[in-house]
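First the structure, in the form of structure tokens, and then the observations on it.
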Amino acid sequence: MAKQSSKKKTNALKRKDTGFLYAARAPFRWMAKWVARLALGFAAAMLALVVLYSFINPPTTLTIWSEARRLGAVDRQWTPIEDIAPVMLRSVVAAEDANFCEHWGFDMRAIRQALDEGANRGASTLSQQVVKNVFLWQGRSWPRKAMEALLTPVVEGVWSKRRILEIYLNVAEFDEGVFGINAAAFRYFRTTPDALSARQAALLAAILPDPKARSASRPSSFVQRRATQIADGARTIEKDGRAVCFEGP
């Protein structure tokens with residue numbers, strides 16, 4: 001009888017300990033459940049936006065919104081890709097992502113070269129830049145890079161290359177408070193996107209990595225040299241077929 005009583009006490013203590021541990025872990029289980037729900041909700045919202053923006057133009061971005069609040073207003077007007085000079089399309093591809101038609105969102109050759117050359121060289125594709133500009137925020141951080149890496153293949157799978165380039169040219173910042181090729185063409189050259197010359201297109205593409213510190217209408221010697229290289233690259237990708245994925249019929 002004494003042994004049975006001891007076993008009962010031991011089992012009761014075990015049940016008590018198990019119940020205590022279960023209760024202690026309850027808040028963590030609740031938190032994990034809600035984190036999972038939020039993650040799934042965010043993923044669903046992003047997927048819905050990617051699909052929506054395949055045929056509806058993004059009304060704004062976080063960067064445009066924040067700059068509008070800071071400056072009071074921004075200069076931006078959407079321009080369909082059919083109304084943008086083809087040489088502008090080729091120039092921005094030559095400047096930012098020469099293998100744009102050949103990759104699925106990540107340029108592995110450029111990434112390997114960037115790793116070999118160190119931090120002085122970037123390897124971000126136009127697709128990655130569009131994801132960052134349209135769906136995420138500026139600045140370097142691991143969470144942003146992780147979300148960018150997850151969203152880029154989705155965008156590549158849903159949008160055409162031509163659509164990616166169209167959106168890029170309409171949300172890119174070309175000067176303080178100047179967003180999109182329409183505002184940039186007028187700000188720097190008092191012209192429209194469809195009337196841009198090869199030199200003007202190359203100068204606009206040359207300022208994109210650092211638009212607030214560079215000018216297309218008053219280019220430094222570096223910007224002029226860079227624009228010459230871009231113009232040469234634009235002619236090259238037109239000749240060798242690397243523009244075929246975004247050139248119109």
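- We find the CE-CZ distance between Met147 and Phe135 to be 12.5 Å, quoted to the nearest 0.5 Å.
- Taking NZ of Lys145 as the start and OG of Ser141 as the end, the distance is 9.5 Å to the nearest 0.5 Å.
- The hydrophobic cluster containing Ile81 does not contain Val244, counting ILVMFWY residues as joined when their side-chain heavy atoms lie under 4.5 angstrom apart, directly or transitively.
- By the side chain to side chain donor-acceptor pair (under 3.5 Å) test, Glu96 pairs with Gln129, sequence neighbours left out.
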Query raised in the report: Yes or no on side chain to side chain contact (heavy atoms under 4.5 Å, CB included) for Lys161 and Glu156, after CA distance, side-chain angles and deciding distance?
Result: CA-CA 7 Å; Lys161 292 285 190 177; Glu156 278 275 342; 3.0 Å; yes
Report task. Please lay out, stage by stage, how Val171 and Arg76 fare under the test side chain to side chain contact (heavy atoms under 4.5 Å, CB included). Result -> CA-CA 8 Å; Val171 302; Arg76 180 191 180 223; 3.8 Å; yes
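- For residues 185-246, the disulfide (SG to SG under 2.5 Å) pairs, not counting sequence neighbours, are Cys101-Cys245.
- Expressed to the nearest 0.5 Å, how far CG of Asp97 lies from CD1 of Ile164 amounts to 9.5 Å.
- The side-chain contact (heavy atoms from CB on, under 4.5 Å) check on Asp194 picks up Thr192, with sequence neighbours excluded.
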Can you give me every donor-acceptor pair (side chain of residues 86-94, partner residue at least two apart or in another chain, under 3.5 Å) with its distance?
| residue | atom | partner | partner atom | Å |
| --- | --- | --- | --- | --- |
| Arg90 | NH1 | Glu247 | OE2 | 2.8 |
| Ser91 | OG | Val87 | O | 2.6 |

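- Taken to the nearest 0.5 Å, the CD atom of Gln128 stands 9.0 Å off from the CG atom of Asp107.
- Atom CZ of Phe179 is separated from atom CD1 of Ile64 by 5.5 Å, given to the nearest 0.5 angstrom.
- Residues that satisfy the side chain to side chain donor-acceptor pair (under 3.5 Å) test with Thr61, not counting sequence neighbours, are absent from this structure.
- Considering every non-hydrogen atom in both Phe100 and Ser127, the closest pair reads CE1-OG, 3.9 Å.
- At distances below 3.5 Å, at least one donor-acceptor pair connects side-chain atoms of Thr125 with backbone N or O atoms of Gly105.
- Under a 3.5 Å cut-off, the side chain of Thr152 and the backbone N or O of Ala149 do not form any donor-acceptor pair.
- Judged purely by atom type and a 3.5 angstrom limit, Trp159 uses its side chain to pair as donor or acceptor with the backbone of Val50.
- In this structure, the side chain of Asp75 does not engage the main chain of Val178 through any donor-acceptor pair within 3.5 Å.
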Please table the atom pairs, donor to acceptor, closer than 3.5 Å between any side-chain atom in residues 198-212 and protein atoms at least two apart or in another chain.
| residue | atom | partner | partner atom | Å |
| --- | --- | --- | --- | --- |
| Arg199 | NH1 | Thr228 | OG1 | 3.2 |
| Gln200 | OE1 | Ser197 | N | 3.0 |
| Gln200 | OE1 | Ser197 | OG | 3.4 |
| Lys212 | NZ | Glu67 | OE1 | 3.4 |

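- The two residues His103 and Asn99 come nearest to each other via the heavy atoms CD2-O, 3.1 Å.
- Side-chain atoms of Trp78 and Pro59, non-hydrogen and from C-beta on, never get closer than 4.5 Å to each other.
- When side chains are defined from C-beta on, Val154 does not count as touching Leu150, because their heavy atoms never get closer than 4.5 Å.
- With values rounded to the nearest 0.5 angstrom, Leu126 atom CG is found 9.0 Å from Phe246 atom CZ.
- Put simply, the side chain of Leu136 reaches to within 4.5 Å of the side chain of Glu148, judged on heavy atoms.
- Heavy-atom minimum distance, Ala98 versus Ile237: O-CG2, 4.3 Å.
- Residues Phe186 and Ile84 fall into different hydrophobic clusters, defined by Ile, Leu, Val, Met, Phe, Trp and Tyr side chains chained together at heavy-atom separations under 4.5 Å.
- The shortest side-chain heavy-atom distance between Trp137 and Ser66 does not fall under the 4.5 Å cut-off.
- The salt bridge (Lys or Arg N to Asp or Glu O under 4.0 Å) check on Arg187 picks up Asp175, with sequence neighbours excluded.
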Requested in this report: Decide side chain to side chain donor-acceptor pair (under 3.5 Å) for Asn57 and Glu166; before the verdict, give the C-alpha distance in whole Å, the side-chain angles of both, and the deciding distance to 0.1 Å.
Outcome: CA-CA 10 Å; Asn57 301 328; Glu166 179 181 39; over 6 Å; no
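- Side chains of Glu173 and Asn133: no donor on one and acceptor on the other come within 3.5 Å.
- By the side chain to side chain donor-acceptor pair (under 3.5 Å) test, Glu176 is found to be paired with Arg70, residues two or more places apart in sequence or in another chain being considered.
- Shown here are the ring pair (Phe, Tyr, Trp, His ring centres under 6.0 Å) partners of Trp104, two or more places apart in sequence or in another chain: Phe106.
- Side-chain contact between Val134 and Tyr168: absent, with no pair of heavy atoms (C-beta onward) separated by less than 4.5 Å.
- Closest of all the heavy-atom pairs between Ala216 and Pro219 is O-CD, 3.6 Å.
- In terms of the side chain to side chain donor-acceptor pair (under 3.5 Å) criterion, Asn170 has no residue partners (sequence neighbours excluded).
- A continuous path of ILVMFWY side-chain contacts below 4.5 Å connects Phe222 to Phe174, so both sit in one hydrophobic cluster.
- Listed by chain and number, the residues in a salt bridge (Lys or Arg N to Asp or Glu O under 4.0 Å) with Lys132 amount to none (sequence neighbours excluded).
- Counting only residues at least two apart or in different chains, salt bridge (charged side-chain N to carboxylate O under 4.0 Å, His left out) contacts with residues 213-232 comprise Asp232-Arg235.
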